[in-house]
Amino acid sequence: MLYIITRELFYVLLSALLIFIAMELLKPNIVQAYINLNLVLILWLLSGMVLLVTKSRH
Amino acid sequence: MIIFKKKFRLIIFSMLGLTILFLIYKAIVPFGEITYNIKPCEKSFFISVLKPADRINGECSNIITGDPVYFNLNTPRTFDSGEVSITYKTNQNLNIPIIELGVLADAQKNYKLKPLENKIISTLNEPISGWDSMLENGITLWQRGKFYESIGQFLDNLNDIPRDKILTYYYDLPAVNVIPNYGNYLASSKTFPSDSIPALRGSYQFYTYLENEDLDFIFKFVEINKNNDDKGKIEVYYKNNLVKQRDVLTGGSIELTMENRPTGFYKIAVSASDNIITENIKSPARIISFINKINLAKTLEPELIDITTDSREIFARTIHPNSLQKILIGDEILKITETYKQFSALTNAPISNIKLAKDGVEIAGDGLFSFTSEAFYNPDYRKMDKNTDINTDEIDYIITTYDKGQSTDNWQTRTITFDLKNSFRYENAYGFLISIPGLLADDDVDDFIEIGEIEIKLKGRSIIAKIKEVLNF
C-alpha cells in the first residue's frame, strides 16, 4: 500500500515539477508567486527515496 | 488494490489540475479585478518590502525614518487603475505637515504624486480655525470667512482676487495668460541682456511671454563628451499644448522661431542629457523664468551669478570640488561644503536674490528662477508645500482636491487611486514612492511613520473585453 501511494505521489510530483517549470518558462513567476518550486523539487526527491526503499521491500 | 490505485491517481492528478487552473486564473485575472495586500512581517511576492534599507527601521521593516521610500507592485498583467490604501500612524515627534504617495510615471524616474495627508489643511477643519469649506465634485474650497457661495462663483471672480491670497494644492487654477499693463512694464524694464544666462547643463524648462511679438530664440549647444551619441529636443507649449518641437543638435546654433503667436505665456522645455551644455541662449524676450531647477554648467572662467527666485526653500548641490562655496540667499549664507550632498535654506521673503561666485552648481526650489529681476514673472498660482504658513503668508483661499481620510485612534487609512494605464511598468512591476519631505534618517530626531498595511485593488480589462477588442466588436 505504501509503495503504491509513494509511487503515485512520485509520478504526480514529477508531472507537477515539469508542468510548473514549463509554465515558468512561458510566463515567469506564474507559479513562483504562490508555490515554491524548490519545495516541490525536494518533495519529489524525498518521494523518490521513499519509493526506492519501499520498492525493495515490495 | 487496482481500484484503489486508480481512484488515488485520479484524486491526486485532479488536485494537480485544479492547482494549474488556479495558477492560470491568478495570472490572467479574467474578471479584471484583483487585490493584493501586505502587513508587517508578512512576505508577499506582489508587494515588495520598503526600501532603501537605510531609511527603514523595525523588525518588520515597516518604520519609515527617511524620505523618500519606495516599494514595487509586481503584477502578472497590466491594469488600468489601482486603489492604494495605506494604513499608518505617525509618532508625536513627526513635525512634517505633508505626506504624499506617487506612482512611477516614466523611464526618467519621474513620479506622479498625490496627497496622502496634509496637516495644514486638516487643521482648517477645526471649529476655531475660522475657515469655511465647501466641497463640489471632488474639489474643496477653503475660505477665511465665507465670501463665495460656490466654487463656480469663486472661479468666475478669480481675476478680482489678489494672486498672493490664493494657494492651490493638487488643483490647477488657470495660469495668468496676460500680464496687465505690459506696455508700461516694457517701458520701465530693461531689455533682456543676451549674455545674462550662464551656461546650463542638461534639461531645463522656462516660461516666456509674447504680446504682439514673435517667438525668437537662438540656442547654442555643445557636448562635453563627443563620443556619446546624445539626442535631445526642444518643445514649445502654449496652454499645455505642444505647438512646436525641434531636435537638439550640438555644434552650431539652433534657431527657434514662431511668428504671429497669440498673446500669453509659453513654456519652452529643453530635454537633454547631462552631457549636453547650453552654452548660450539669445532672445529679445523680456520674460525668461526657469521652472523649479537650473543646473549651472562648470565653465573655465566663471563670473558672479545673480538669480532672482520666489522659491521658499532653495536646494543647492554640486559634483565639482572647486565649486564648493558659500552662496548668499537674501541676507543668509548657505555653505556648500561637500560634493554630491544637497544643502538647503529657507527664505523668508516672497522674492529672494541668490548670489554665487562659482558655477557648476545645481539650484532647485518650488518656484521659478531668473537671471535678472526684470526677466522674472510667475504666471502660476502658488502651490502649498511643507513650508507653507497660511497665517504668515496671509492666505485667504485654498483650493484643493485633497480629501481627509478616516482615522481610528492613531492609525489612519488613506486611499488614493492612480491611473496605471499611463504609468511606467518595468520588469512586470509598478513602482511606488512614499514622500515625506523633511523627514531625515540621519538627524537626531526620533520621528517616523509606521506602516500598518498596504492594500492595492487593481482594475483592468476583463478577458471578455480583451477578446472583443481583439475581434473588433
Side-chain angles (χ1 to χ4, degrees), chain A, chain B residues 1-30 33-39 42-49 71-79 82 425-431 454-458 460 463 466:
Chain A
M1 176 72 90
L2 181 62
Y3 169 72
I4 292 168
I5 291 171
T6 313
R7 189 182 67 183
E8 297 305 317
L9 280 174
F10 177 80
Y11 287 141
V12 82
L13 285 168
L14 174 61
S15 307
L17 201 55
L18 293 173
I19 293 170
F20 288 165
I21 288 171
M23 286 169 73
E24 277 287 326
L25 286 170
L26 282 171
K27 190 157 177 56
N29 297 318
I30 186 175
V31 178
Q32 296 268 57
Y34 299 96
I35 298 171
N36 190 339
L37 280 180
N38 297 326
L39 201 60
V40 178
L41 179 65
I42 289 168
L43 287 173
W44 173 67
L45 288 170
L46 282 173
S47 67
M49 288 179 215
V50 172
L51 184 63
L52 285 171
V53 167
T54 53
K55 185 181 180 183
S56 62
R57 289 180 191 172
H58 183 75
Chain B
M1 190 63 82
I2 293 172
I3 296 170
F4 168 77
K5 188 177 77 176
K6 283 184 178 171
K7 277 186 182 172
F8 185 67
R9 185 181 288 178
L10 182 66
I11 290 167
I12 56 175
F13 273 94
S14 299
M15 285 168 65
L16 174 62
L18 286 172
T19 304
I20 292 167
L21 287 173
F22 168 79
L23 292 172
I24 293 171
Y25 173 86
K26 284 291 189 181
I28 62 174
V29 190
E33 295 185 14
I34 194 162
T35 299
Y36 301 114
N37 69 354
I38 188 170
K39 290 183 178 164
E42 281 181 4
K43 280 189 182 174
S44 167
F45 171 80
F46 300 99
I47 302 176
S48 72
V49 292
F71 64 93
N72 288 336
L73 172 66
N74 299 299
T75 58
R77 50 162 274 189
T78 58
F79 291 90
R425 192 162 170 259
Y426 180 68
E427 291 184 349
N428 299 323
Y430 294 101
I454 299 175
E455 183 183 271
I456 306 178
K457 284 184 196 170
L458 298 167
I463 195 165
K466 179 76 178 168

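Within every chain, numbering begins at 1; the chains are lettered A, B, ... in the order of the sequence lines, protein sequences first and strands thereafter.
B:I463 meets the side-chain contact (heavy atoms from CB on, under 4.5 Å) test with B:I28, B:P30, B:I467; sequence neighbours excluded.
Residues B:F4 and A:I5 are in side-chain contact: their nearest non-hydrogen atoms beyond the backbone lie under 4.5 Å apart. The closest side-chain heavy-atom distance from B:I24 to A:M23 is below 4.5 Å.
For a residue to count as touching a neighbouring chain, one of its non-hydrogen atoms must lie under 4.5 Å from one of that chain's; by this rule A:L13 does not touch chain B. With a 4.5 angstrom heavy-atom cutoff, A:I30 touches chain B via backbone and side-chain atoms both. Of the atoms belonging to B:L16, it is side-chain heavy atoms, and not backbone ones, that fall under 4.5 Å from chain A. Only the side chain of B:F8 comes within contact range of chain A, with heavy atoms under 4.5 Å apart.
Under the salt bridge (charged side-chain N to carboxylate O under 4.0 Å, His left out) criterion, no residue pair touches residues 35-48 of chain A, with sequence neighbours excluded. Applying the salt bridge (charged side-chain N to carboxylate O under 4.0 Å, His left out) test to pairs two or more places apart or on separate chains, none has a residue in residues 34-51 of chain A.
Taking a 6.0 Å sphere around CG of A:L39, one finds it holds more than 12 heavy atoms contributed by other residues, nucleotides or ligands. For B:L21, the CG atom sits in a packed shell: over 12 heavy atoms of surrounding residues, nucleotides or ligands are nearer than 6.0 Å.
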With 3.5 Å as the limit, can you list every donor-acceptor pair between chain B and chain A, backbone and side chains included?
unit_1, atom_1, unit_2, atom_2, d
B:R9, NE, A:E8, OE1, 2.7
B:R9, NH2, A:E8, OE2, 3.0
B:P76, O, A:K27, NZ, 2.6

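Heavy atoms only, all atoms of each residue included: B:I20 and A:F20 are closest at CG1-CE2, 4.0 Å.
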